[in-house]
Enquirer: 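The structure follows.
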There are 2 protein chains.
Amino acid sequence: MAKRVSISDIAESLGVSKALVSLVINDKADAHGISAETQKRVRDKIRELNYQPDLFARSFRVGKTNTIGLIVSDISNRFYARIARDIEDHAWNNGYTVIICSTDENVEKEMKQIKLLRDRKIDGLIISSSQDNSDYFNKLSEAGFPHVLIDRRFDDMQSANVSVDNYGGARLAAEHLLKQGFSSFAVVALSPDHISTIRERIKGFTDTLGKANVQIPPCWLISLPFDRIDKELDNRLQSLHRQGQLPEAIFTLNNNLTSSCLKHLTKLSVNIPEDVAVIGFDDIMYFEHTHPSVSAIGQPTDRISEEAFKLLLQQINNGKADGRQRSVVLPVDIIIRESSIKH
Amino acid sequence: MAKRVSISDIAESLGVSKALVSLVINDKADAHGISAETQKRVRDKIRELNYQPDLFARSFRVGKTNTIGLIVSDISNRFYARIARDIEDHAWNNGYTVIICSTDENVEKEMKQIKLLRDRKIDGLIISSSQDNSDYFNKLSEAGFPHVLIDRRFDDMQSANVSVDNYGGARLAAEHLLKQGFSSFAVVALSPDHISTIRERIKGFTDTLGKANVQIPPCWLISLPFDRIDKELDNRLQSLHRQGQLPEAIFTLNNNLTSSCLKHLTKLSVNIPEDVAVIGFDDIMYFEHTHPSVSAIGQPTDRISEEAFKLLLQQINNGKADGRQRSVVLPVDIIIRESSIKH
DNA sequence: AATTTGGGTTAAATCGATTTAGGTAGTTTA
DNA sequence: TAAACTACCTAAATCGATTTAACCCAAATT
């Protein structure tokens with residue numbers, strides 16, 4: 001591997017000091033009164049030897065890596081993939097690079113990842129956490145480590161955070177289903193059930209039904225472990241179907257659950273929405289083209305990314321996470337398609 | 001921000017040298033005859049002060065960052081999202097971290113990204129390149145920089161690479177459509193058209209049709225610019241539809257093109273497959289649930305990731321990209337669903 | 001003539017680790 | 001008793017940059 005040319009090489013071959021070269025590179029030459037002629041000589045030599053500053057060494061010295069971390073449960077989930085893409089764009093436009101980690105909802109893994117990223121000296125972190133309380137992040141805040149929580153939130157949280165109106169979205173779904181005249185409902189959720197988005201969506205849905213004096217019996221409150229969504233849902237739906245106990249409508253709490261639900265109902269030859277109506281939280285493009293097309297609560301992924309990155313950058317540039325951290329809650333909307341229209 | 005404890009702090013508070021502490025940390029103490037007792041003292045102190053080695057500083061010193069880059073055209077594309085996820089897992093299991101970049105098929109951006117990542121001293125790179133020749137990568141090979149090209153390939157390529165049998169996959173699609181009895185065909189491709197996957201898929205398709213004495217007229221060879229797939233395809237399909245010139249079957253060259261095609265045909269009330277049949281390269285879960293379900297050529301994303309990471313790790317561990325680089329071509333399969341079944 | 005001024009430049013410390021060629025002191029060997 | 005050996009440990013260089021306090025010299029001022 002050909003040896004890279006370093007700042008010393010430039011300095012030596014020119015008979016000047018490394019300091020001088022560094023000053024020129026960093027546009028501090030004028031401020032230090034380096035003569036125009038010398039500056040030109042340096043710049044020419046840099047071009048001649050094709051010198052590229054070692055960003056790693058620079059980062060080491062100045063204590064800033066221009067790298068941020070993004071931790072989510074699964075980067076191949078469309079929701080997070082979109083957010084990742086947007087954040088990557090914002091990062092790139094601001095001279096940052098993104099390291100992405102998937103936790104599989106595994107808290108230990110998540111903590112290890114945060115630790116590793118911090119040991120690697122990332123400048124900040126954007127995370128959709130799987131943890132069940134804010135302790136860890138409050139410590140991060142106290143340590144002044146720039147970070148923004150997205151998607152999921154905690155009570156007593158000091159950290160900056162960006163989320164959507166999960167409660168309101170679920171209410172929209174419930175109101176819509178009630179208006180359509182459905183009268184029995186199931187919720188398909190995800191465990192671990194401490195996840196705020198899940199909790200809020202369930203609450204928004206059940207509260208709204210409650211106001212209409214509709215309760216959801218336990219057998220229709222379905223919670224599936226993250227790593228076996230598909231298989232478990234298959235079992236549960238099959239068993240309900242066998243017993244003729246399917247509800248009139250199902251509210252699925254994220255795009256994976258919606259897809260899986262669609263798949264297994266179809267497999268059971270259950271007609272949607274004639275036999276069972278479906279509406280999901282989180283809209284993705286394909287729901288427009290599934291059979292039937294699927295109603296969903298749409299989340300503004302681009303706004304989430306934008307706000308999160310903005311908040312992170314503020315913290316990084318302020319040198320620390322300062323006291324009052326912004327908490328941003330974004331609105332959602334409902335997209336009504338075939339799957340939830342009463343026949 | 002509380003000051004981190006460094007190796008010097010440990011050394012000082014113990015009255016020993018930094019070297020000794022470092023040796024203990026790196027399990028080289030025994031080899032250097034450091035007494036068991038001293039080792040224990042060091043380890044105890046490390047625990048007491050909660051010392052965490054600065055991985056960044058270590059990387060700087062040893063010249064290895066344990067970070068790899070992954071560059072693709074768009075990380076939110078399902079195909080790449082899956083690959084990214086798998087690579088991330090392999091990386092994590094091997095103590096590596098992944099920096100992800102999306103190029104939007106922009107060659108200049110891609111080069112800038114490679115340069116940035118190299119300046120940041122990543123240990124290796126996995127890339128699905130948008131470039132139109134192998135020069136840049138051959139230079140990378142000569143410089144001994146570990147890298148693996150995935151998905152797309154080049155002629156005269158010295159770099160390690162993992163791809164799928166695009167030609168064969170396209171042949172499968174063509175054979176299937178012919179067997180179904182369709183007799184006029186369109187191909188929906190992506191520009192820039194130098195991309196190897198696109199070229200090979202087109203060739204595999206047209207060659208196979210050619211053997212059956214079927215030609216594709218220019219108006220049915222549709223090539224769409226990456227950043228305006230959806231809009232352009234809408235126009236093209238509308239115009240063909242208006243003129244009553246839609247083919248009997250369409251072969252779409254990636255999952256985005258397939259989705260977009262589905263969307264716009266549906267919008268035009270064109271029945272699939274009665275009016276126009278569709279089969280796409282690259283299968284994604286949703287194609288099983290779209291209306292109609294969509295036939296596709298499935299790519300083994302997990303194998304791609306696995307092989308790519310394996311090849312990269314080999315290069316990294318060998319210290320250099322050695323002469324003969326492995327070239328892996330993986331098989332694809334055809335999944336036949338409703339959209340390509342003749343009525 | 002002595003002092004100040006300032007333009008142009010550099011030496012050296014620094015970031016936090018790793019690595020290697022020694023050093024020291026005590027014990028054994030010749 | 002001197003040399004050799006052993007067991008333990010350390011000094012200092014190093015990675016490639018940035019940063020700061022000083023330095024030198026010539027011109028201007030007093």
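Letters A, B, ... mirror the listed sequences (proteins, then strands); counts begin at 1.
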Enquirer: Between B/K121, B/R120, B/R118, which is the residue that forms a salt bridge (charged side-chain N to carboxylate O under 4.0 Å, His left out) with A/D54?
Expert: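 Exactly one candidate clears the test, B/K121.
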Enquirer: A/P146 pairs by side chain to side chain contact (heavy atoms under 4.5 Å, CB included) with which of A/L311, A/D123, A/L312?
Expert: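 Among the candidates, only A/L312 passes.
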Enquirer: Rounded to the nearest 0.5 Å, how far does CG of B/L20 lie from CZ of B/R41?
Expert: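 Interatomic distance, B/R41 CZ to B/L20 CG, rounded to 0.5 Å: 9.0 Å.
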Enquirer: Short of 4.0 Å, heavy atom to strand atom, which residues of residues 36-46 of chain A count as contacting DNA chain D?
Expert: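 The stretch gives none, as no residue of it lies under 4.0 Å from the strand.
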Enquirer: Describe, in one word, how the ring planes of A/F309 and A/Y96 are oriented to each other, choosing from parallel (under 30°), tilted (30 to 60°) and perpendicular (over 60°).
Expert: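 Plane angle over 60°, so perpendicular.
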Enquirer: Could you write nucleotides 15-20 of chain D as a row of B, S and -, 5' to 3', where a protein heavy atom under 4.0 Å of any base atom gives B, of only sugar-phosphate atoms gives S, and otherwise -?
Expert: BBBBBB
Enquirer: Look at A/R303 together with A/E307 and state whether they make a salt bridge at an N to O cut-off of under 4.0 Å.
Expert: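 Salt bridge present between A/R303 and A/E307.
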Enquirer: Side chain of B/E105, backbone of B/P192: donor and acceptor closer than 3.5 Å?
Expert: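 Between the backbone of B/P192 and the side chain of B/E105 there is no qualifying donor-acceptor contact (under 3.5 Å).
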Enquirer: Just checking, is any N or O donor in the side chain of B/H90 or B/S305 under 3.5 Å from an acceptor N or O on the other one?
Expert: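 Checked: B/H90/B/S305 side chains show no N/O donor-acceptor pair below 3.5 Å.
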Enquirer: Please check this pair: side chain of B/S35 against backbone of B/T38, looking for a donor-acceptor N/O pair closer than 3.5 Å.
Expert: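 The answer is yes, because a donor-acceptor pair under 3.5 Å joins these two groups.
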Enquirer: Determine whether a donor-acceptor pair (N or O, by modelled atom type, separation under 3.5 Å) exists between the side chain of A/Q39 and the backbone of A/V24.
Expert: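 A pair under 3.5 Å: no.
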Enquirer: Axis-to-axis angle across the helix from C/dA1-D/dT30 to C/dA30-D/dT1, five pairs an end, to 10 degrees?
Expert: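 The helix from C/dA1-D/dT30 to C/dA30-D/dT1 shows an end-to-end axis angle of 90°.
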Enquirer: Indicate whether any N or O donor in one side chain lies under 3.5 Å from an N or O acceptor in the other, for A/D74 and A/S76.
Expert: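 Judged by distance alone, the side chains do pair up.
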